[in-house]
*Asks:* 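There's a structure below that I have some questions on.
Every chain is numbered from 1, with letters handed out A, B, ... down the list of sequences.
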4 protein chains.
Amino acid sequence: MPTQKVAPDSSRRSETARRAILTAAFDLVGDVGYAKLSIEGIAAAAGVGKQTIYRWWPSKGALLFDAFLALTTDGGQDGQGGALPDTGDLAADLKLVLRAVVDELNDPRYDLPMRALHTEIVHDPALAADYAKRLDGPMRELKKERLRAARRAGQLAEDVDLDVAVDLIFGPILNRWLQRTGPLTHGYADQVVDTALRGLRPHEA
Amino acid sequence: MPTQKVAPDSSRRSETARRAILTAAFDLVGDVGYAKLSIEGIAAAAGVGKQTIYRWWPSKGALLFDAFLALTTDGGQDGQGGALPDTGDLAADLKLVLRAVVDELNDPRYDLPMRALHTEIVHDPALAADYAKRLDGPMRELKKERLRAARRAGQLAEDVDLDVAVDLIFGPILNRWLQRTGPLTHGYADQVVDTALRGLRPHEA
Amino acid sequence: MPTQKVAPDSSRRSETARRAILTAAFDLVGDVGYAKLSIEGIAAAAGVGKQTIYRWWPSKGALLFDAFLALTTDGGQDGQGGALPDTGDLAADLKLVLRAVVDELNDPRYDLPMRALHTEIVHDPALAADYAKRLDGPMRELKKERLRAARRAGQLAEDVDLDVAVDLIFGPILNRWLQRTGPLTHGYADQVVDTALRGLRPHEA
Amino acid sequence: MPTQKVAPDSSRRSETARRAILTAAFDLVGDVGYAKLSIEGIAAAAGVGKQTIYRWWPSKGALLFDAFLALTTDGGQDGQGGALPDTGDLAADLKLVLRAVVDELNDPRYDLPMRALHTEIVHDPALAADYAKRLDGPMRELKKERLRAARRAGQLAEDVDLDVAVDLIFGPILNRWLQRTGPLTHGYADQVVDTALRGLRPHEA
DNA sequence: TTGTAAACGAGACGGTACGTCGTGTCTTTGT
DNA sequence: ACAAAGACACGACGTACCGTCTCGTTTACAA
C-alpha cells in the first residue's frame with residue numbers, strides 16, 4: 001500500500017511559513033479574540049509577509065479552519081482512527097464522549113478559536129460546506145457508526161434517523177455553549193443523553 | 001388600568017433618530033450582511049450622525065439586538081401574550097411551532113439579521129446575558145409553560161428537566177440552520193419532535 | 001464729568017457669564033495653545049452653555065480679541081491715557097518702549113494668546129479691521145504723537161511719513177517674535193531704534 | 001559634474017503620490033483657505049490615501065511647507081543662483097526687489113498659501129526652525145550679500161548689523177501684508193527703502 | 001406681585017475631520 | 001518563483017468639535 005501523502009499546494013511552497021501562519025493564527029485568535037484578529041496581525045506574529053497569507057488562503061475563515069484542523073488533529077487523531085468507545089452500554093459511552101466535548105468547550109485554549117471558526121462558518125456557506133465535509137462529516141460518521149452498532153445491539157429503535165439522533169444528542173450542548181443559556185457541565189451532558197435516549201414521554205408502566 | 005409607559009433612556013433623546021437607526025440597522029444588515037455592516041453605514045442610511053449611535057449604544061451588537069427586538073416584537077407580540085398553542089396534542093403543537101421557526105429561519109428577510117445577532121451574542125457575554133433575559137428567557141418560559149401543561153395532562157414524564165427538554169426540541173433546528181449541516185425543512189422539524197418525544201430507544205412492546 | 005460707561009450689548013446680558021468666558025478663553029489659549037482651543041472647551045471651562053458664546057460672539061477670533069482687550073486693558077490703561085514717555089530724548093524713549101514690548105512678547109503668559117490673536121487677524125480681514133481700529137490704531141496714534149513731538153523738537157526729519165516711521169521701528173520686533181528668526185532681546189530693540197533713527201547710510205562726515 | 005541627486009526619504013516611496021499631494025495641498029489652500037484646509041481634503045484631491053500623507057509628513061504645517069518649497073522653487077530658482085540685482089544703486093535695487101515682493105504678496109495665487117504657511121510657522125517652533133534654515137536663511141543670505149556689496153562700495157555704514165538692516169527693510173512690508181494695517185503698494189515699498197536708508201533723523205545740512 | 005420673555009446651563013442633534021488600523025493589491029529586494 | 005517587507009488606495013473605526021436646536025430654569029422687566 002502506497003504511503004498516502006497529502007499533496008502540498010505547490011512544491012515551491014514554504015512549509016515553514018505555512019506552519020508558522022497556522023500556529024500564529026490559532027494562538028492569536030485565542031489571545032485577542034475574533035473581533036481583533038487581523039491578517040496583518042497574524043502575518044506579523046508569524047514573521048511572514050501578508051502576501052504569503054493571501055497567496056494561499058482565500059479568506060480569514062479558511063485560514064482559521066486550516067489552523068483549527070492542523071492544530072487539533074495533530075497530536076491525537078480525532079478524525080482518522082478515533083472511533084467512539086463501545087463498551088456495549090450506549091448511554092455510558094455517549095456520556096463519556098459528551099463529557100469530553102463539554103471539557104473541550106470549557107477549555108479556554110479552545111473556546112475562543114472555536115467561537116471564531118463557528119462565526120466564520122455561520123456567515124460563509126462555502127466554508128460551511130468545507131467544514132461539513134472535512135470536520136463535521138467524519139465526526140458525524142463516527143457518531144452514526146456507534147449508533148448503528150447500538151441499533152444492531154437492539155439498544156436503538158430501528159426507525160430512528162441517525163442524523164436526527166446525532167443532532168438531538170450533540171446539538172443542545174453546542175447551543176448552550178454558544179449562547180451561554182446555562183452552565184455547560186457534565187451533569188447537563190448526562191441529562192441530555194438520558195433524555196434523548198429515553199424520550200420525553202412518560203415511561204410506559 | 002394604569003398607563004403602561006416605557007421610560008425613555010433620556011427625556012432629551014430623539015425618538016425619530018432612534019427609530020431611524022434601528023430600522024436602518026435591521027435593513028442594512030439584511031442587505032449587505034454582517035461582515036460589511038458598519039456603524040458609518042447605518043448612520044448614513046438613517047440620516048444621523050455617528051455620535052448619535054455611539055451615544056446610546058455601547059456596541060454594534062447591542063444596537064443589532066435592539067433593532068431586532070424592536071422590529072420583530074413590534075407588530076405581533078411574540079413575547080407578551082403569545083402563548084404556545086395548546087390543542088391537547090403536544091406533538092402536533094410542537095410541530096406547528098417548530099415549523100413556524102423553520103419558516104422564519106428560512107425567510108431571507110430574517111436570515112441575515114439573525115445570523116448577525118447570533119454572532120454578536122456568541123462573542124459578547126454581556127450581550128448574551130441581555131439576550132437570555134430579554135429574548136430567549138421569555139420565549140423559553142412560554143415553551144416550558146406548554147410543556148408543564150403537557151406534564152399535567154400526563155403527556156410528559158414527571159422527572160424530565162424542562163430546560164433540557166426545550167434544548168432537545170429547539171436546539172437541533174438552530175444548529176442545522178447555523179451550520180447548514182442539512183436542509184431545514186418541515187419534515188426535519190417533525191422528525192425532531194417525534195424523536196425527542198419518543199426517545200431513541202426501542203419502543204417497549 | 002459724567003461717567004463714561006460702555007453700554008452692554010443688552011440689559012439682559014449676564015456680566016458674570018461674559019467675564020467668565022473672556023477669562024476662560026484667555027487662560028485656555030495660554031494653556032492648550034491656539035490649535036487645541038475650542039469653543040466647547042471655553043464653554044466648559046467657563047461653566048457656561050455653548051449657546052451663550054455663540055449668542056454674543058460671531059467667531060472664535062472675535063472672542064479671542066475681546067478677551068485680549070478686556071484682560072490686557074484692565075489694570076493698566078494701555079490705550080486710554082497712556083501716552084509714550086517723552087523725556088526729550090527720542091532714542092531713549094523709544095528704546096524704553098521697545099524694551100517693554102520685547103518683555104511682553106517674551107512673557108509666556110502673553111505669548112500664546114498673542115500668537116493666537118495674530119493668527120485670527122491674519123486670516124480674517126473683518127477682524128483685522130476691528131483690530132486696526134480698536135487696538136493697533138490707538139497705539140499707533142500714541143506712537144505717532146511721540147514722533148510728532150520729536151519732529152517739533154527738530155529730532156525728526158520733516159518729510160518722514162509717520163506711519164512708515166512707526167512700521168520701521170516696531171515692525172522688525174514683531175517679525176522676529178512671530179518667525180523666531182533670532183533672539184528677541186533688549187539689545188536687538190536698541191539696535192533697531194538706533195538703526196532706524198540714523199539710517200543705513202554712512203554718517204556724513 | 002556629478003549628477004546632483006536628492007536622496008528620497010525611501011526607495012519605496014512613490015514619487016507620483018508625493019507630487020500629487022504637494023500640488024493638491026498648494027492648490028487647495030489657495031481655494032478654500034487655511035481654516036478649511038483638511039488632510040482629508042488634500043488626500044481626496046490628490047487621489048491618495050490619508051495614510052500616505054501621515055506616513056511622510058508629521059504635520060499639516062510640514063506638508064504645507066514642503067508644498068510651498070517645491071512649487072515656488074520649481075521653475076525659477078529663488079534660492080540657488082538668484083542673487084539680488086546689483087546695478088551699483090542700492091536704493092534702486094532694493095526698491096526693485098521690494099516691489100517684486102509686494103507684487104507676490106498681492107498675488108491672490110500666493111496670498112492664501114503664504115498666510116497659511118505663516119500661521120503654521122508662528123505656532124510651531126520646529127517648523128519655524130526648518131523655515132529659517134531652508135527658506136528664510138538662504139534668502140536672507142542673498143540680501144545680506146547685496147548689502148555687503150553696498151558696504152564695500154561705501155553706500156552703507158560700516159557699523160550697521162546686516163541682520164538688523166534686512167529686518168528694517170523687509171519687516172515692515174511683511175507686517176503690513178499680514179495685519180493689513182495699510183495698502184501694500186509699490187509706493188510704500190519705496191518709502192520704506194528710502195526711510196530705512198536715510199534714517200528718521202533730519203538730514204544734516 | 002406676578003406674568004412673560006430673554007438669557008442661561010445643559011446637552012442632543014446632523015455633520016466634518018481627525019489620526020489610526022486593517023483590507024487586499026502591488027512593487028521592490030533578496031534569496 | 002516564492003518570500004519578507006512594506007507602500008499604496010481605500011474604507012471604517014471611535015473621538016472631538018462644529019454650529020444649531022430644543023429643553024427646563026433663573027432672572028429682570030413690565031403689567
*Asks:* Just checking, any donor-acceptor pair under 3.5 angstrom between side chains of B:Glu120 and B:Tyr34?
*Replies:*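 Yes, because at least one side-chain N or O of B:Glu120 sits under 3.5 Å from a partner of the opposite role on B:Tyr34.
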*Asks:* Give the rounded distance in Å between these two atoms: CD of B:Gln51 and P of E:dA12.
*Replies:*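 Computing the B:Gln51:CD to E:dA12:P distance gives 10 Å.
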*Asks:* Over how many whole Å does the gap from B:Glu15 atom CD to E:dC13 atom C1' extend?
*Replies:*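 In whole Å, E:dC13 C1' and B:Glu15 CD are 15 Å from each other.
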*Asks:* Please tell me if the side chains of C:Pro113 and C:Leu64 come closer than 4.5 Å, counting only heavy atoms from C-beta onward.
*Replies:*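 Of all side-chain heavy-atom pairs linking C:Leu64 with C:Pro113, none is under 4.5 Å.
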*Asks:* Rounded to whole angstroms, how far apart are CZ on B:Arg13 and C1' on F:dT22?
*Replies:*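 For the pair B:Arg13 CZ and F:dT22 C1', the rounded distance is 17 Å.
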*Asks:* Has C:Arg12 got a side-chain N or O lying under 4.0 Å from the OP1 or OP2 atom of F:dC29?
*Replies:*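 Answer is no, no contact under 4.0 Å.
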*Asks:* Out of F:dG14, E:dA12, E:dC8, which has the shortest distance to the side chain of B:Lys50?
*Replies:*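 Of the candidates, F:dG14 comes closest.
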*Asks:* Is it true that the side chains of C:His118 and D:His118 contain a donor and an acceptor less than 3.5 Å apart?
*Replies:*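 Yes, a side-chain donor-acceptor pair sits under 3.5 Å.
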*Asks:* Report yes if a side-chain nitrogen or oxygen of B:Thr52 is closer than 4.0 Å to either non-bridging phosphate oxygen (OP1 or OP2) of E:dG14; otherwise report no.
*Replies:*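 So the side chain of B:Thr52 is within the cut-off, an N or O lying under 4.0 Å from OP1 or OP2 of E:dG14.
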*Asks:* Specify the residues of residues 30-46 of chain A, ordered by number, for which at least one heavy atom lies under 4.0 angstrom from an atom of DNA chain E.
*Replies:*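 Under 4.0 Å from DNA chain E: A:Ser38, A:Ile39, A:Glu40.
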*Asks:* Using heavy atoms to find the nearest nucleotide of DNA chain F for A:Gly47 and D:Val48 separately, return the residue whose nucleotide is more 5′.
*Replies:*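 Here A:Gly47 is the residue nearer the 5' end.
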*Asks:* Rounded to the nearest angstrom, tell me the gap between atom CZ in D:Arg18 and atom P in F:dA9.
*Replies:*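 Going from D:Arg18 (CZ) to F:dA9 (P), I get 14 Å.
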*Asks:* Check the distance between F:dC21's C1' and C:Arg55's CZ and give it to me in whole angstrom.
*Replies:*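 To the nearest whole Å, that distance equals 12 Å.
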*Asks:* What's the closest nucleotide to the side chain of C:Tyr54 if the choices are F:dG19, F:dC8, E:dG9?
*Replies:*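 Given the options F:dG19, F:dC8, E:dG9, the side chain of C:Tyr54 is closest to F:dG19.
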*Asks:* Would you call the rings of A:Tyr110 and A:Phe26 parallel, tilted or perpendicular, taking 30° and 60° as the class edges?
*Replies:*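 A:Tyr110 vs A:Phe26 ring planes: perpendicular.
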*Asks:* Are any of C:Trp57's side-chain N or O atoms less than 4.0 Å away from OP1 or OP2 of F:dG19?
*Replies:*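 C:Trp57 to F:dG19 OP1/OP2: no side-chain N or O under 4.0 Å.
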*Asks:* Rounded to the Å, how far apart are A:Ile21 CD1 and F:dA4 P?
*Replies:*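 Nearest whole value for this atom pair: 7 Å.
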*Asks:* Look at B:Trp56 and E:dG11 and indicate whether a side-chain polar atom (N or O) is within less than 4.0 Å of OP1 or OP2.
*Replies:*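 No.
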*Asks:* Is NZ or CZ of B:Arg18 both nearer than 6.0 Å to the six-membered ring centre of B:Trp56 and within 45° of the ring axis?
*Replies:*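 No, cation not above the ring by the 6.0 Å, 45° rule.
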*Asks:* Where each residue is assigned the nucleotide of DNA chain E containing its nearest heavy atom, which of B:Ala17 and D:Lys60 is assigned the position nearer the 5′ end?
*Replies:*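 Result of the comparison: B:Ala17.
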*Asks:* For the OG1 atom of D:Thr119 and the CG atom of D:Leu127, what is their distance to the nearest 0.5 Å?
*Replies:*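 It comes to 11.0 Å.
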*Asks:* Would a 4.5 Å heavy-atom cut-off, applied to side chains only, mark D:Ile53 and D:Glu40 as touching?
*Replies:*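 Side-chain contact under 4.5 Å: no.
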